[in-house]
Amino acid sequence: MSVRSNDFDGLDLTHLRSLRSPRHNTSAIVDRVAEHLDRFDGYVAFSGGKDSVVAVDLARQADPDVPVAFFDSGLEYPETYAYVEQIATKLGLDLHIIRADPSLLTVMARTGEWDHRGIPSAHVPVRGFETLIAQPARAAHAAFGDGEVWGVRADESRKGTGRWSMYYSALAREIREHCQGTSCCTGRAEQRRHHGGTIRRADGTVTYGPVWDWSAADVLAYSHRHQLPSNPVYAKLAALGAPAANLRVSHILDGNFLESGKITRLRRGWPSLFEEIAAVLPRIREFV
């Protein structure tokens with residue numbers, strides 16, 4: 001029997017990923033999420049990213065009614081808004097949209113640093129953390145409690161820096177202050193399972209990252225097994241030539257990575273949106 005070359009479509013990578021054996025005990029992770037929410041109440045922070053949607057799904061298994069908060073900076077990709085609503089419908093989420101006030105675009109415009117005719121104002125600093133995280137988080141905590149579940153992974157930064165350092169420093173502190181030796185954990189692996197992923201902030205927030213020690217491959221495999229759709233922004237950025245390190249669902253513009261092609265991809269992929277933003281922040285044209 002002859003076989004034509006087009007009788008085969010090739011390997012189905014999506015199916016292969018769904019068959020990948022999980023490295024982590026997701027049942028135990030769901031139990032930790034449930035314990036965290038029982039103790040601290042709180043909510044799940046949903047950014048619309050690939051790690052975030054897995055954290056949402058794990059939390060939903062622990063508590064189907066857990067509040068899910070989307071912090072809207074006012075500078076999100078249009079596809080992200082539609083994707084968040086899609087996931088909320090698919091999973092039956094108790095979704096709450098908390099908008100930055102003022103929006104990130106307004107904060108950036110007020111500095112005067114993005115307009116050739118403006119005079120940069122020392123009295124209006126770009127308060128990115130306050131606008132994007134602290135302010136909406138305070139609103140979420142006031143409504144839902146001190147706890148938070150989020151989809152932030154340690155290996156998104158290099159060993160010894162950034163998120164990696166945050167998680168492993170917090171793990172050492174949790175072991176020192178809350179692990180009761182062999183009556184609690186029998187070794188380092190068990191200490192990671194029982195105490196890893198918890199971040200205690202100075203403002204009283206207690207955050208748990210259920211995917212804190214997962215790899216990107218772990219996240220993708222879980223999403224395929226559980227049929228969680230991906231935010232289309234990833235595919236669009238890849239088609240526009242974004243390197244793997246820059247394939248992140250984040251704010252359209254926040255002053256970071258401007259020299260790495262972010263603005264060029266914005267202009268090519270979302271030309272109308274680029275023009276609207278450039279009318280408010282004219283100097284972004286310098287990075288195209």
Side-chain angles (χ1 to χ4, degrees), residues 23-24 29 32-33 36 42 44-56 58-59 69-71 73 75-77 80 100 104 107-108 125-137 140 147-177 188 191-193 195-220 222-223 231 233-234 237-238 242-263 265 287:
R23 293 194 307 119
H24 302 272
I29 292 173
R32 275 204 65 188
V33 173
H36 183 82
V44 187
F46 183 27
S47 69
K50 66 182 187 302
D51 306 324
S52 179
V53 72
V54 171
V56 166
L58 290 167
F70 173 68
F71 296 167
S73 69
L75 269 179
E76 312 293 332
Y77 288 102
T80 295
L104 177 58
V107 171
M108 295 178 71
V126 178
R127 303 173 65 193
F129 179 82
E130 175 66 22
T131 300
L132 302 177
I133 299 175
Q135 177 211 74
E148 181 182 61
V149 176
W150 66 358
V152 173
R153 294 184 297 111
D155 78 353
E156 288 183 293
S157 60
R158 297 190 309 276
K159 185 176 181 180
T161 65
R163 294 172 174 183
W164 192 99
S165 179
M166 172 186 70
Y167 271 122
Y168 282 93
S169 295
L171 173 58
R173 187 163 51 249
E174 288 294 307
I175 292 171
R176 184 171 61 250
E177 298 179 1
R188 291 185 178 180
Q191 286 177 329
R192 284 170 61 100
R193 289 194 298 271
H195 302 289
T198 297
I199 305 291
R200 299 175 190 267
R201 297 182 191 152
D203 65 359
T205 301
V206 183
T207 297
Y208 174 55
V211 299
W212 75 277
D213 58 348
W214 290 29
S215 68
D218 293 330
V219 168
L220 291 175
Y222 180 97
S223 292
N231 189 326
V233 170
Y234 286 115
L237 289 175
N246 291 343
L247 286 178
R248 294 188 177 184
V249 173
S250 60
H251 319 297
I252 293 173
L253 181 69
D254 58 12
N256 296 316
F257 306 112
L258 299 182
E259 294 87 358
S260 62
K262 186 172 186 176
I263 302 302
R265 289 189 288 273
F287 297 93

Measuring from atom CG of Asp51 to atom OH of Tyr222, what distance do you get when rounded to the nearest 0.5 angstrom?
13.0 Å
Give a yes-or-no answer on whether the side chains of Ser47 and Arg248 include a donor-acceptor pair shorter than 3.5 Å.
no
In the structure I gave you, are the side-chain heavy atoms of Leu58 and Val149 within less than 4.5 Å of one another anywhere?
no
Short side-chain donor-acceptor distance under 3.5 Å, Ser215 and Asp155:
no
Roughly how far, to the nearest 0.5 Å, is CD1 of Ile199 from CZ of Arg173?
7.0 Å
Check whether NZ of the Lys or CZ of the Arg Arg201 lies under 6.0 Å from the centre of the six-membered ring of Trp150 and within 45 degrees of that ring's axis.
yes
Which of parallel (below 30°), tilted (30 to 60°) and perpendicular (above 60°) describes Phe46 and Phe70?
perpendicular
Here the pair of heavy atoms bringing Ile263 nearest to Leu253 is CD1-CD1, 3.5 Å
Report yes if some heavy atom in the side chain of His24 is under 4.5 Å from a heavy atom in the side chain of Asp213; otherwise report no.
yes
Taking atom OG1 of Thr205 and atom CD of Glu148, what is their separation to the nearest 0.5 Å?
6.5 Å
Side chain to side chain contact (heavy atoms under 4.5 Å, CB included) evaluation trace for Arg265 with Asn246:
CA-CA 11 Å; Arg265 289 189 288 273; Asn246 291 343; 3.7 Å; yes
Might you point out which heavy atoms bring Val54 and Ser223 nearest each other, and give the distance in Å?
CG2-OG, 3.4 Å
If the condition is ring pair (Phe, Tyr, Trp, His ring centres under 6.0 Å), which residues does Phe71 pass it with, not counting sequence neighbours?
none
Nearest 0.5 Å please: distance from the OG1 atom of Thr161 over to the CE atom of Met166.
11.0 Å
Backbone N or O of Ala154 within a donor-acceptor pair of the Tyr168 side chain at under 3.5 Å?
no
Beyond-backbone contact of Glu177 with His195, side-chain heavy atoms, under 4.5 angstrom
no
Of all heavy-atom pairs between Ala59 and Val44, which one has the smallest distance, and what is that distance?
CB-CG2, 3.4 Å
Locate the shortest heavy-atom distance separating Ile252 from Lys262; write the atom from each residue and the value.
O-CE, 3.2 Å
CH2/Trp214 to CD1/Ile29 distance, rounded to the nearest 0.5 angstrom?
5.0 Å
Distance-minimising heavy-atom pair for Arg32 and Gly196
NH1-O, 2.6 Å
Hey, does the side chain of Ser157 reach the backbone of Trp164 with a donor-acceptor pair shorter than 3.5 angstrom?
yes
Does the His36 side chain pair with the main chain of Thr198, one donor and one acceptor, at a distance under 3.5 Å?
no
Taking every non-hydrogen atom, the tightest pair across Pro210 and Ala55:
CG-CB, 4.0 Å
Verdict with supporting geometry, Tyr77 and Asn231, side chain to side chain contact (heavy atoms under 4.5 Å, CB included)
CA-CA 10 Å; Tyr77 288 102; Asn231 189 326; over 6 Å; no
Can you tell me how far apart NE2 (His251) and CE (Met108) are? Round to the nearest 0.5 Å.
10.5 Å
